[in-house]
Amino acid sequence: GYDPEDLAVIRELQREQEPRPSGRLVLAHTGLLSGRRTLEPVLAALARLFAERPALRGRVHIRQVGPRENVNDALVAAAGLADCVTFLPPVRHREVLAEMAAADALLLLEAGEIEGSLITPGKVFEYLASRRPILAVVPGGPAADLVRATGAGAVVGPGDIAGLAGLLARWVVDGPPPSRVRDEDLAPYARPALAARLAGVLEELAGPPEKFL
């Protein structure tokens with residue numbers, strides 16, 4: 001879920017943002033990059049894109065905010081894309097929200113295997129609440145279904161490098177399509193609403209209070 005107070009912070013930060021230059025795409029990923037949830041498919045797509053359209057190099061940048069395993073540094077170096085990726089250390093939550101507000105689109109990554117298809121990363125709910133377009137590089141599963149159902153962005157399988165390269169090219173040239181997330185899409189994932197649902201489940205399991213008297 002997401003905290004409605006954070007949503008207010010995101011809105012405030014977005015109002016403070018300077019107008020973005022057209023023809024440039026900044027993608028932010030917040031949270032852990034591991035040895036399985038890596039930048040590899042995005043890097044492969046960028047390498048393909050720049051090989052086919054060298055003029056677009058310098059117009060796409062990835063900002064990774066949070067902890068990572070060293071394999072990601074090695075992948076960036078091997079792809080020759082150090083100029084296209086900035087690794088930032090873990091920061092305070094408000095700074096994470098600021099990075100989300102400043103990005104043109106938000107990266108959602110999962111490994112292209114059965115385990116990845118079963119995961120709904122916690123960050124996806126803040127991503128939805130930010131109403132920034134989401135680029136979900138994830139296998140089919142609940143995370144992909146959620147992005148599609150809410151109109152939050154685009155879903156590309158981790159193995160579809162050609163499709164991902166083509167989408168990145170369109171987003172650089174034309175800009176990412178705006179998120180179509182509505183208030184009613186967000187409401188079920190606000191933490192007060194989730195806490196109320198959990199309380200209802202616990203009360204149902206526990207039975208009426210008088211049984212304990």
Side-chain angles (χ1 to χ4, degrees), residues 13 17-18 20-113 116 119 121-124 126-127 130 132-139 143 147 153-176:
L13 291 167
Q17 293 296 323
E18 297 292 332
R20 291 176 178 77
S22 59
R24 188 167 186 267
L25 181 67
V26 176
L27 300 164
H29 178 269
T30 66
L32 174 68
L33 285 179
S34 67
R36 304 177 83 175
R37 177 194 292 151
T38 72
L39 291 172
E40 185 172 17
V42 182
L43 296 173
L46 286 178
R48 179 175 182 138
L49 174 61
F50 298 154
E52 295 173 352
R53 301 180 65 176
L56 293 185
R57 190 173 188 120
R59 294 170 62 180
V60 185
H61 199 85
I62 298 170
R63 292 177 66 82
Q64 157 61 22
V65 187
R68 67 187 187 279
E69 293 181 6
N70 290 340
V71 63
N72 292 278
D73 301 69
L75 289 169
V76 170
L81 294 171
D83 58 316
C84 302
V85 180
T86 297
F87 287 120
L88 300 172
V91 296
R92 293 181 182 274
H93 192 227
R94 184 183 174 90
E95 294 174 64
V96 174
L97 298 178
E99 288 287 342
M100 289 168 54
D104 297 303
L106 304 173
L107 272 176
L108 188 68
L109 302 171
E110 279 303 336
E113 53 196 33
I119 294 173
K123 69 173 69 66
V124 72
E126 284 190 345
Y127 278 14
S130 77
R132 281 286 185 256
I134 297 173
L135 174 51
V137 186
V138 298
V147 171
V155 178
V156 184
D160 186 4
I161 303 305
L164 183 53
L167 183 143
L168 287 169
R170 293 192 298 274
W171 283 22
V172 172
V173 174
D174 301 325

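Fair warning: this is a prediction, and the values are worked out from it, not measured in the lab.
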Q | Short side-chain donor-acceptor distance under 3.5 Å, Glu126 and His93 | A | yes

Q | Minimum heavy-atom distance between Ala143 and Pro121, given as atom pair plus value | A | CB-CD, 4.1 Å

Q.
If you count heavy atoms of other groups shown closer than 6.0 angstrom to CG of Asn70, is the number above 12?
A. no

Q. So which heavy atom on Ile134 is nearest to which on Trp171, and how close?
A. O-CH2, 3.8 Å

Q) How long is the span from the OG1 atom in Thr38 to the CD atom in Gln64, to the nearest 0.5 Å? A) 11.0 Å

Q. Which value, rounded to the nearest 0.5 Å, describes the distance between Leu56 atom CG and Cys84 atom SG?
A. 11.0 Å

Q) When rounded to the nearest 0.5 angstrom, what is the spacing between CZ in Arg37 and CG in Leu108? A) 8.0 Å

Q. Do the charged groups of Arg132 and Asp104 touch, with an N to O distance under 4.0 Å?
A. no

Q: Quick one: do Arg59 and Phe50 satisfy side chain to side chain contact (heavy atoms under 4.5 Å, CB included)? Show the steps, please.
A: CA-CA 10 Å; Arg59 294 170 62 180; Phe50 298 154; over 6 Å; no

(Q) Assess the residue pair Leu46 and Leu81 against the criterion (side chain to side chain contact (heavy atoms under 4.5 Å, CB included)); give the C-alpha distance rounded to whole Å, side-chain angles, the decisive distance to 0.1 Å, and a yes or no. (A) CA-CA 8 Å; Leu46 286 178; Leu81 294 171; 4.0 Å; yes

Q: Could you walk me through whether Leu33 and Glu69 pass the side chain to side chain contact (heavy atoms under 4.5 Å, CB included) test, one step at a time?
A: CA-CA 6 Å; Leu33 285 179; Glu69 293 181 6; over 6 Å; no

Q: Kindly check if the number of other-residue, nucleotide or ligand heavy atoms within 6.0 Å of CD (Glu40) is above 12?
A: no

Q: Hey, could you give me the CG/CG distance between Leu27 and Leu107, rounded to the nearest 0.5 Å?
A: 4.5 Å

Q. What do the steps show when you test Val85 against Leu43 for side chain to side chain contact (heavy atoms under 4.5 Å, CB included), and what is the final call?
A. CA-CA 9 Å; Val85 180; Leu43 296 173; 4.0 Å; yes

Q: Please say which of Leu164, Leu25, Leu109, Val147 ends up in a side chain to side chain contact (heavy atoms under 4.5 Å, CB included) with Leu135.
A: Leu164

Q. Heavy-atom distance under 4.5 Å between the side chains of His61 and Asp83, does that happen here?
A. no

Q.
To check you understand the geometry: which heavy-atom pair defines the closest contact between Leu167 and Ala154, and what is its length?
A. CD1-CB, 3.5 Å

Q: Cation-pi check, Arg68 to Phe87: give yes when NZ or CZ is under 6.0 Å from the six-membered ring centre and within 45° of the ring axis, no otherwise.
A: yes

(Q) Counting C-beta onward and ignoring hydrogens, is there a side-chain heavy-atom pair between Arg92 and Leu97 closer than 4.5 Å? (A) no

Q | Any Leu88 side-chain heavy atom under 4.5 Å of Arg63 side chain | A | yes

Q. To the nearest 0.5 Å, what is the distance between CG (Leu106) and OG1 (Thr30)?
A. 7.5 Å

Q) Heavy atoms, side chains only, cut-off 4.5 Å: are Asp160 and Val137 in contact? A) no

Q | Glu110 vs Pro158 side-chain heavy atoms within contact, under 4.5 Å | A | no

Q | Non-hydrogen atoms of Gly163 and Val156 that approach each other most closely | A | C-CG1, 4.4 Å

(Q) Can you tell me how far apart OG (Ser130) and CE (Met100) are? Round to the nearest 0.5 Å. (A) 4.0 Å

